[in-house]
Amino acid sequence: MGSIFRSEEVCLVQLFLQSGSAYNCVSELGELGLVEFRDLNPNVNAFQRKFVSEVRRCEELEKTFSPLRPPSPMPPAPQPRELITIEEESERLARELKEVKMKQHRLRSWKTTACLITAKISASGRAHFYEFLLRFTRSHSPSTYLLLSFVAGVVHPWKVPSFERLLWRACRGYIIVDFREMEEPLEHPDTGEMVQWTVFLISFWGDQMGQKVKKICDCFHTQTFAYPETTAEREEILQGLQGRIEDIKSVLRQTETYLQQLLVRAVAILPEWKVKVQKCKAIQMVLNLCSPSVTDKCLIAEAWCPTGKLPELQSALREGGRKSGSGVDSFYNRLPSSTPPPTLFPLNSFTAGFQNIVDAYGVASYREVNPALYTIITFPFLFAVMFGDVGHGLLMSLAALWMVLEEKDPKLKNNTNEIWRMMFGGRYLILLMGLFSIYTGAIYNECFSRGITTFNSAWSVGPMFENNIWNSSVLGGNQDLSMDPNVTGVFSSPYPFGIDPVWSLATNKLTFLNSYKMKMSVIIGIIHMTFGVCLSFFNYCVFLVLIPELLFMLCLFGYLVFMVVFKWIVYTPARSREAPSILIHFIDMFLFMTNADNPQLYEGQVGAAVQLPVMSLDLTPCCFYCNNKVVITASSLSLWLLVCLRLHFLRPLVADEGSVNARQGDVEGGDAEEEEFDAADVFMHQAIHTIEYCLGCVSNTASYLRLWALSLAHAQLSEVLWGMVLRLALRWKGYVGSAVLFVIFFFFAVLTVSILLIMEGLSAFLHALRLHCSFSSIVQLVDLLKKKKKKKISFL
C-alpha cells in the first residue's frame with residue numbers, strides 16, 4: 001500500500017561489472033527488471049561506442065524476421081555464441097524456404113503449361129474439319145497446292161475481343177479462328193492468380209499471313225504452340241502430356257508437404273529467435289551506456305534501483321558471474337545524487353489502467369502522493385454519475401467481465417488492433433464503471449429509461465380525494481393535476497433508496513431532476529476538489545501550507561455546499577414557498593451587498609457573507625522554504641502572494657548533495673553548486689501560481705456541472721430511444737405483433753449499443769478524464785515554469 005500511495009524509494013547505484021561477466025550480469029538484471037541505467041557517455045556519438053558493431057548485427061538479424069507474436073513463455077537472453085547459431089540457422093532456413101518456393105513455382109508453371117497444351121489440342125471442335133480441309137486441298141488441287149498452317153494458343157479472357165478484332169482487320173478475313181473457354185481455371189504463371197483461360201486455334205494460308213498472325217499473338221502476350229496435323233499425332237501427344245501432368249502433380253504435392261513442414265517449423269522457432277535477438281540487442285545497448293575503467297578490466301555503470309531490491313540486485317550480479325565462470329564477482333556501491341530520481345509505481349493488470357489515466361496528465365514527482373490510488377474509486381463513480389442506468393451498466397459490466405475472465409486467452413491478449421488493445425487493457429476500469437453505473441442507475445431509478453418499483457411509492461392520491469381537493473369536476477376540467485405534499489397522507493416518507501418511481505409519471509420530472517442533479521454535481525465537485533487539497537498536504541513540509549488553499553476553497557465553495565444542504569434540511573414542503581434563492585445569495589456575497597427581495601437563509605447570514613470572502617483573501621502570517629532558505633512574512637498579505645506557496649513549501653525529498661557519477665561536467669565526490677536565491681523571482685513565481693489556483697477553483701467548480709449536463713442528456717436520449725423505437729412495437733398485438741417486436745427490438749438493441757453504450761460511454765469517459773486532470777493538478781505539485789520534465793522509470 002505504501003508504494004502505491006507514494007512511489008517506491010529509489011537510490012542511485014554504481015555497478016562494477018567484470019568484462020567477462022558484464023553481458024550475463026546485465027542479462028540477469030534485465031530478466032528481473034530491477035534497474036534503469038544512466039548514460040555515462042553522453043558526448044560519445046552512437047556510432048563510436050564500443051558495442052556498436054554487435055548492435056548493428058542484431059538490428060540486421062532482426063530485420064529478417066517478419067512481425068510475429070511473442071512466444072509464451074518468454075525465452076531467456078541468449079549467450080553471444082548462441083547468437084551465431086541463430087544467425088546461421090535463420091540463413092539456412094531462409095535459403096531452404098526460398099529454394100522450395102522456387103521449385104514450387106517452377107512445378108506450377110510446368111503444370112499450367114502442360115494443361116494449356118492439352119486444352120489446345122483437345123478442346124477445338126473443328127479439328128476433324130481442319131484435317132478434312134487439308135486432305136481435300138492436297139488431293140483435288142495438286143497443281144495449285146495450298147499450304148494450310150495452324151497456330152494454337154491461349155489468351156487471357158479480357159483480351160479476347162480486341163485480339164479477335166485485330167486478327168480480322170489485319171488478315172482481312174483470310175483466316176479461320178476458333179475460341180473455346182477452358183473448363184477449369186488455371187494459375188497464371190507470372191501473377192499466380194487463377195484465370196479462366198481461353199483457347200484459340202487459327203488456320204491460315206501462306207508465310208506472309210503466318211508472320212502477321214505470329215506478330216499479333218506476340219503483341220497480346222499469348223502462349224502459342226504448333227498444332228499437330230493428324231489425329232494420331234494428337235492422341236500421342238495427349239497421352240504423353242497426361243502422364244507428365246500426373247507426375248508433376250505428385251511432385252508438387254510432396255513439395256507442398258515439405259514446404260508446410262518448413263513453415264510450421266519456422267512459426268514455432270522464429271518468434272523465440274526474434275525475442276532472443278531483441279534481448280541481445282537491448283543488452284548490447286545497455287553496455288554502450290557503461291564506461292570502461294582505467295585498467296579496462298571492468299565496466300562501470302550507474303543505475304536507479306529500488307532501495308528494497310538491493311539484495312536482489314547483488315544476487316543477480318552473483319548469478320551473472322557464476323554463469324560466465326568469472327572468478328571475481330561484480331558488485332555495486334550506493335551513490336548520493338542531487339538530481340531527483342525517476343518515479344516508480346508497482347503496477348499490475350488491475351492498477352495499470354488507473355495509473356495510465358493519472359499519467360495522461362503528468363507523472364508524479366519522486367515520492368509525491370499518487371492520485372491513482374483514489375482514482376480507482378473516484379473515476380468510475382464520476383463516470384457513473386453521467387452514465388447512470390441499471391440496464392446500460394449491466395451490459396457494460398457483462399462485456400468487461402467476459403474480458404476479465406478471458407484475459408489469458410492469447411487471441412485476445414495478442415490482438416494487434418489498437419482500439420481493442422486499449423479496451424482490453426482497461427477491462428478492470430470498464431468493469432468498475434459498469435458496476436458503479438448500476439449503482440447510480442438504481443439511485444436515479446432508471447433501467448433503459450424505465451422506472452423500477454422496488455418499494456412502494458411514498459406518494460398517495462387517496463387523501464386528495466378524501467379532502468375533496470380532487471373531485472369529478474376537477475378531473476374533468478384539468479388535464480394535469482398537482483399533488484400537494486402538505487396535505488396529510490399525500491407524502492408519507494422519503495423513498496427508501498433513490499428517487500421515487502412516481503416521478504417517472506410526473507410532467508415536472510425534468511424540472512425536478514434538473515435541480516437535483518445540478519446541486520448534486522456541485523456538491524460532488526467541491527468535495528472532490530477539497531479532498532485533493534487535503535491530499536496535497538502530504539506533499540508539503542508544514543501544515544501552514546495547506547491553510548491558504550483550504551481556506552479559500554471552504555470559505556467560498558464550501559459555504560455554497562453548506563447553503564444547499566441547509567436549505568434541504570430546514571425548508572420543509574410547508575415552507576417551500578418562503579425558501580430564498582441560493583444563487584442570488586452567492587452572487588451578493590461577492591458583491592458585498594444584500595437583496596431585500598431575497599430573504600435570508602438563516603439569522604446572521606449577512607455577517608457571514610461579508611466575513612467569509614474577506615477571510616479567504618486575507619490570510620495569517622506564513623513561512624516557507626525556498627531553496628533551503630527560510631523567508632518569514634510578518635504582515636498580512638493578499639491571497640495573491642500566499643495561497644500558492646505550494647511548491648516552495650515542499651520539503652526537499654532528495655538531499656541536495658553532490659552526485660558521484662561519470663558524466664562530463666560533474667565533479668566526482670563534490671557538492672553541487674547551490675542555486676542563488678532571488679526573492680523577486682520567487683514572489684513573481686508564486687503570484688502566478690496563486691492566480692492559477694484561484695482561477696482553477698472557479699473554473700473547475702463550473703467544470704463539474706458537466707456531471708449534471710451529461711446525466712440529463714443520457715437519460716433523455718435513452719427515453720427518446722425507448723419512446724420512438726421500442727414503444728411502437730409494443731402497440732401491435734397477436735402474432736403480427738410478435739414478428740414486429742422481434743424486428744424492431746433488433747434495431748433497438750443496435751441503437752442502444754452503438755449510441756448509448758459506445759458513443760455516450762466514450763463521451764462520459766472523456767469528461768471524467770477531464771475532471772480527474774483537475775483533481776491531479778491539485779494533488780500533484782505541478783510547476784509549469786520551473787519544473788523539469790518528469791520521467792517515469794522504465795526498467796530494462
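For reference, positions follow the sequence shown, starting with 1.
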* Structure fact -> The reported gap from CZ in Phe557 to CE in Met529 (rounded to nearest 0.5 angstrom) is 6.5 Å
* To do: Return the set of residues passing salt bridge (Lys or Arg N to Asp or Glu O under 4.0 Å) with Lys309 (not counting sequence neighbours), or none when no residue passes.
  => Glu312
* Heavy atoms only: give me the nearest Val10-Pro342 pair and the separation to one decimal. => CG2-O, 4.2 Å
* Does one side chain, of Thr351 or Asn348, offer a donor that lies under 3.5 Å from an acceptor on the other? -> yes
* Any side-chain heavy-atom pair from Asn333 and Val13 closer than 4.5 angstrom? -> no
* Asked: Which residues satisfy the salt bridge (Lys or Arg N to Asp or Glu O under 4.0 Å) test with Glu407, sequence neighbours excluded?
  -> Arg427
* **Ring centres under 6.0 angstrom apart (Tyr374, Phe531)** => yes
* To do: With the side chain counted from C-beta on, respond yes when Phe354 and Val358 share a heavy-atom pair under 4.5 Å apart, and no when they do not.
  => no
* Asked: Are the side chain of Arg706 and the backbone of His767 linked by a donor-acceptor contact shorter than 3.5 Å?
  -> no
* **Shortest non-hydrogen contact between Ser349 and Tyr428, atoms and distance** => O-CD1, 3.4 Å
* Any side-chain heavy atom of Leu554 sitting closer than 4.5 Å to one from Ile526? -> no
* Working to the nearest 0.5 Å, report the span between CG of Leu431 and CG of Leu401. => 6.0 Å
* State whether Phe562 and Lys567 meet the cation-pi test: NZ (Lys) or CZ (Arg) under 6.0 Å from the six-membered ring centroid, and within 45° of the perpendicular axis. => no
* To do: State, to 0.1 Å, how close Gly388 and Glu446 come at their nearest heavy-atom pair, and which atoms those are.
  => O-OE1, 3.8 Å
* Asked: So Phe765 and Phe379, would you call those rings parallel, tilted or perpendicular, with 30° and 60° as cut-offs?
  -> perpendicular
* To do: Could you pull out the closest heavy-atom pair between Phe424 and Lys413, with the gap in Å?
  => CE2-CA, 4.0 Å
* How close do His714 and Leu756 get, heavy atom to heavy atom, and via which atoms? -> CE1-O, 3.7 Å
* Asked: Can you tell me how far the CH2 atom of Trp402 sits from the OG atom of Ser397, to the nearest 0.5 Å?
  -> 15.5 Å
* Return yes if a side-chain donor-acceptor contact under 3.5 Å exists between Lys517 and Ser521, otherwise no. => no
* Asked: Do the non-hydrogen side-chain atoms of Leu513 and Ile499 ever get within less than 4.5 Å of each other?
  -> yes
* **Distance in Å, Leu313 CG paired with Cys305 SG, rounded so as to fall on 0.5 Å steps** => 5.0 Å
* To do: Could you tell me the separation between the CE atom of Met386 and the CG atom of Leu712, rounded to the nearest 0.5 Å?
  => 12.5 Å
* **Parallel, tilted or perpendicular, as decided by the 30° and 60° cut-offs, for the rings of Phe16 and Phe331** => parallel
* **Side chains of His392 and Ser437, donor plus acceptor under 3.5 Å** => no
* Structure fact -> CD1 of Ile524 to CG of Leu771, rounded to nearest 0.5 Å, is 10.5 Å
* Are side-chain heavy atoms of Cys697 and Leu556 found at a separation under 4.5 Å? -> no
* **Side-chain donor or acceptor of Trp420 paired with backbone N/O of Leu412 under 3.5 Å** => yes
* Asked: Nearest heavy-atom pair of Leu707 and Leu382: which atoms, and what distance?
  -> CD2-O, 3.7 Å
* Is Trp708 close to Asn514 at the side-chain level, that is, under 4.5 Å between some pair of heavy atoms? -> yes
* Lys279/Glu31 ion pair, N-O < 4.0 Å -> yes
* Asked: Taking Glu368 for the side chain and Ser365 for the main chain, is one N or O donor matched with an acceptor at less than 3.5 Å?
  -> yes
